[in-house]
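None of these values were measured; they are calculated from a predicted model. For this chain, numbers begin at 1 and follow the sequence in order.
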Amino acid sequence: MSLVEEERDGVRLTSLDQPLGDGLDVTKGDLVDYLDAVADRIVPLLAGRPLSVKRVRPGQPPFMQRNVSKGAPDWVRTVPVWSEGSHREIAQVLCDDRRTLLWLANQRAVEFHVPFFRAGDAEPTGLVLDLDPPEGADFAMVVRAARLVRQALEDSGLAGAVKTSGSKGVHVVVPVAGSPFEDVAAATRALAARTERLDPELATTAYIKADRGGRVFVDSTRSGQSTIVAAYSPRIRPGLPVSAPVGWAALDDVRPEDFTVRSQGFPSEWAAELPEPQSLPDDLVAEGHTIPIARVAAMHEGKRRKREREAADDG
């Protein structure tokens, strides 16, 4: 069995000719070569942000990793972050350079998820509306919903950039400045609600899947302290599709499967598409603070429905 090795930027890369993971139809070398090719574009999007990576290993299911791997080189920068899930402080990687990116690629890190803040910052740098189509929907349906989001943004005096999620949907990202986390999260909820009002037969903010009725889910929960898969990041699916910046002009002419670690070129560059950071309108923030947080509202609604079912069963 061949185990191709090489060194780049002082990083020893191993098993490059071996399958990356089960059912992905790419080698580890395909992942390394792709990330190396886009290093100058993806590293600025990762730099300074506590990184979460989703990794693969042959014979194992994919897993999300937030804490730095044991035995990491001493030049891999990390930042201490409190983990609500494990109730302890962990050390998350800061991918500030090509060398760290290559080291992560050699660890079979496929997906790169970042928050809308940099380590040490007190304010978020943006928000996102994540559009999730119903099962079996054509991508054109998601495109229509994305254009609704764009209209809601324009009506609110804002602008955003669009990229594929690397899966079935799209992300509309809005750079912001000058607002605390709770106001940015509120503004995201308000933008989702305004999108839904533009065409309630196409778009919905219903967090519970059973309530979506075949409509595109406008997810407002990825802003604030949550993460988003970075532009140019691969996704763990056959062929390793990529979260690709497409630009509003090209959105009607692309499909998510057009962009993989083996394909060449993107319709647009993310840095060129992103508008400058914007101030959030007061009325948008105020509206958002009247809208319940989707996850919390869904949890309470789920409990209410469970009580109703139990009462009906008892009856």
Side-chain angles (χ1 to χ4, degrees), residues 1-47 49 51-78 92-114 163-167 229-246 254-271:
M1 181 174 63
S2 173
L3 293 174
V4 174
E5 297 186 9
E6 63 178 85
E7 185 174 303
R8 302 184 199 177
D9 207 359
V11 179
R12 180 169 168 260
L13 305 166
T14 60
S15 305
L16 297 178
D17 59 339
Q18 297 303 299
L20 178 66
D22 298 340
L24 297 178
D25 304 322
V26 296
T27 66
K28 184 178 173 183
D30 290 326
L31 173 68
V32 170
D33 288 343
Y34 168 77
L35 288 173
D36 200 8
V38 299
D40 62 334
R41 284 172 279 183
I42 193 171
V43 167
L45 306 176
L46 308 178
R49 299 177 191 269
L51 182 64
S52 303
V53 296
K54 199 167 187 178
R55 296 173 57 194
V56 295
R57 289 174 180 158
Q60 298 181 23
F63 60 98
M64 185 69 82
Q65 182 173 336
R66 294 179 174 84
N67 209 0
V68 65
S69 298
K70 292 181 180 178
D74 56 10
W75 45 259
V76 172
R77 291 187 62 218
T78 63
Q92 287 188 247
V93 171
L94 297 176
C95 185
D96 293 341
D97 51 34
R98 172 178 177 249
R99 182 167 62 162
T100 304
L101 183 69
L102 289 171
W103 175 77
L104 288 164
N106 194 56
Q107 298 267 312
R108 285 186 162 90
V110 178
E111 298 188 6
F112 294 76
H113 297 253
V114 289
K163 66 184 181 72
T164 66
S165 67
S167 180
V229 69
Y232 305 106
S233 171
R235 304 303 300 271
I236 302 176
R237 288 169 179 78
L240 259 57
V242 172
S243 179
V246 293
V254 301
R255 295 292 180 270
E257 60 269 21
D258 294 343
F259 311 104
T260 72
V261 295
R262 287 176 171 163
S263 62
Q264 299 294 317
F266 299 98
S268 184
E269 295 298 332
W270 193 234

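For S167, the side-chain contact (heavy atoms from CB on, under 4.5 Å) test picks out S165, R237, with sequence neighbours left out. With sequence neighbours left out, D258 forms a side-chain contact (heavy atoms from CB on, under 4.5 Å) with V254, R255. Among residues two or more places apart in sequence or in another chain, the side chain to side chain donor-acceptor pair (under 3.5 Å) test is passed with T164 by none. Applying the side chain to side chain donor-acceptor pair (under 3.5 Å) rule to T100 yields the partners D97; only residues at least two apart in sequence or on another chain are considered. With sequence neighbours excluded, the residues forming a side-chain contact (heavy atoms from CB on, under 4.5 Å) with R41 are V38, Y232, F266, E269, listed by chain and number. Applying the side-chain contact (heavy atoms from CB on, under 4.5 Å) test to D25 and every residue at least two apart in sequence or in another chain returns P238. Taking the salt bridge (Lys or Arg N to Asp or Glu O under 4.0 Å) definition, one finds that E5 meets it with R12, sequence neighbours left out. Applying the salt bridge (Lys or Arg N to Asp or Glu O under 4.0 Å) test to D36 and every residue at least two apart in sequence or in another chain returns R8, R98. In this structure D30 satisfies the side chain to side chain donor-acceptor pair (under 3.5 Å) test together with T27, R262, sequence neighbours excluded.
In this structure, CD1 on I42 lies 7.5 Å from SG on C95, to the nearest 0.5 angstrom. To the nearest 0.5 angstrom, L20 atom CG is 5.5 Å from L31 atom CG. The CG atom of L51 lies 6.0 Å from the CG atom of L104; values are rounded to the nearest 0.5 Å.
Put simply, the side chain of V114 does not reach to within 4.5 Å of the side chain of L45, judged on heavy atoms. Under the 4.5 Å side-chain criterion, counting only non-hydrogen atoms from C-beta, V246 is in contact with P267. Within the 4.5 Å cutoff, the side chain of P241 has no heavy atoms near those of the E257 side chain. Two residues are said to be in side-chain contact when any heavy atoms from C-beta on lie closer than 4.5 Å; V53 and H113 fail this criterion. A 4.5 Å side-chain heavy-atom check between V76 and L94 finds every atom pair outside the cut-off. Considering only heavy atoms from C-beta on, Y34 comes within 4.5 Å of P234 through its side chain. The closest side-chain heavy-atom distance from L24 to L240 is below 4.5 Å.
With 3.5 Å as the limit, one finds a donor-acceptor pair spanning the side chains of Q107 and S69. Between S243 and K163, the side chains place a donor N or O and an acceptor N or O closer than 3.5 Å (distance only, hydrogens not considered).
Sequence neighbours left out, the pairs with a member in residues 105-114 that pass salt bridge (Lys or Arg N to Asp or Glu O under 4.0 Å) are E111-R235. Residue pairs meeting the salt bridge (Lys or Arg N to Asp or Glu O under 4.0 Å) criterion with at least one member in residues 51-63, sequence neighbours excluded, do not occur. Within the structure, every pair that satisfies the salt bridge (Lys or Arg N to Asp or Glu O under 4.0 Å) test and touches residues 58-77, not counting sequence neighbours, is listed here: R77-D96.
Here the shortest heavy-atom pairing between M64 and S52 reads SD-CB, 4.0 Å. When all heavy atoms of A39 and P44 are compared, the closest pair comes out as O-CD, 4.0 Å.
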Check your understanding: Can you list the steps and then say if T14 with N106 is a side-chain contact (heavy atoms from CB on, under 4.5 Å)?
Key -> CA-CA 7 Å; T14 60; N106 194 56; 3.5 Å; yes
Point to revise | side-chain contact (heavy atoms from CB on, under 4.5 Å) assessment of V11 paired with W75 | key: CA-CA 11 Å; V11 179; W75 45 259; 3.9 Å; yes
Practice item. Evaluate the criterion side-chain contact (heavy atoms from CB on, under 4.5 Å) for residue pair F112 and V229; output intermediate values, then yes/no. Key: CA-CA 6 Å; F112 294 76; V229 69; 5.8 Å; no
